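Counting from 1, the numbers follow the sequence of the chain as shown. In this text the structure is predicted, and so the values were computed from the model without any measurement.
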Amino acid sequence: MGGVPEPHTGWTFITNHARVLATIAEDQNARIRDIAARCRLTERAVQKIISDLEQSGFLSHAREGRGNTYRIEPGKILRHPVEAEAGLTVASLLGLLAQDEDHRATPSGNGAHADGDGRRPA
């Protein structure tokens, strides 16, 4: 693999913690190097994020051979007070991110609707 891609500057709607968690949800055996490349982060940043997620109880890992297998706690309530008050869980967040990923991966995932003009049907 080449170097780490240029990081995004400015703010984004999805945090790096959410991106790392979503990447792990896709592959519980992902290597830190691969997570970093997918999320456009350094390996060190991914290690720190994984540590944060483990310390907060959102994630755990088991060493298997030379790699790790991660386990996400899907029922864990999200940390922000508004999300916690609404009872939003890690599973609900990952579900939203997975739906978006599925939408973008389909041939019609270009934002166009069934009629092909990009507008919602009446």
Which atom pairs, donor and acceptor, lie under 3.5 Å between side-chain atoms of residues 18-25 and protein residues at least two apart or in another chain?
| residue | atom | partner | partner atom | Å |
| --- | --- | --- | --- | --- |
| Thr23 | OG1 | Arg19 | O | 2.9 |

Q: Return yes if some donor-acceptor pair links the side-chain N/O of Asn68 with the main-chain N/O of Tyr70 below 3.5 Å, else return no.
A: no
Q) Hey, is Lys48 close enough to Asp52 for a salt bridge, meaning N to O under 4.0 Å? A) yes
Q.
Nearest 0.5 Å, please: how far is CD in Glu73 from CZ in Phe58?
A. 10.0 Å
Q. What is the distance from atom CD of Glu26 to atom CZ of Arg38, rounded to the nearest 0.5 Å?
A. 4.0 Å
Q. Between Leu41 and Ile49, is any pair of side-chain heavy atoms under 4.5 Å apart?
A. yes
Q. What distance do Ser56 atom OG and Leu78 atom CG have between them, rounded to the nearest 0.5 Å?
A. 11.5 Å
Q) How far does OG1 of Thr89 sit from CD of Glu83, to the nearest 0.5 angstrom? A) 11.0 Å
**Q.** Euclidean distance, Leu88 CG relative to Lys76 NZ, rounded to 0.5 Å
**A.** 14.5 Å
Q | Rounded distance (nearest 0.5 Å) linking atom OG of Ser60 with atom CD1 of Ile72 | A | 9.5 Å
Q) Do other residues, nucleotides or ligands put more than 12 heavy atoms under 6.0 Å from the CZ atom of Arg63? A) yes
Q) Out of curiosity, does Ile77 fall in the hydrophobic cluster containing Leu97 (side-chain heavy atoms, cut-off under 4.5 Å, transitive links)? A) no
Q. Do Leu59 and Arg71 touch side chain to side chain, with heavy atoms closer than 4.5 Å?
A. no
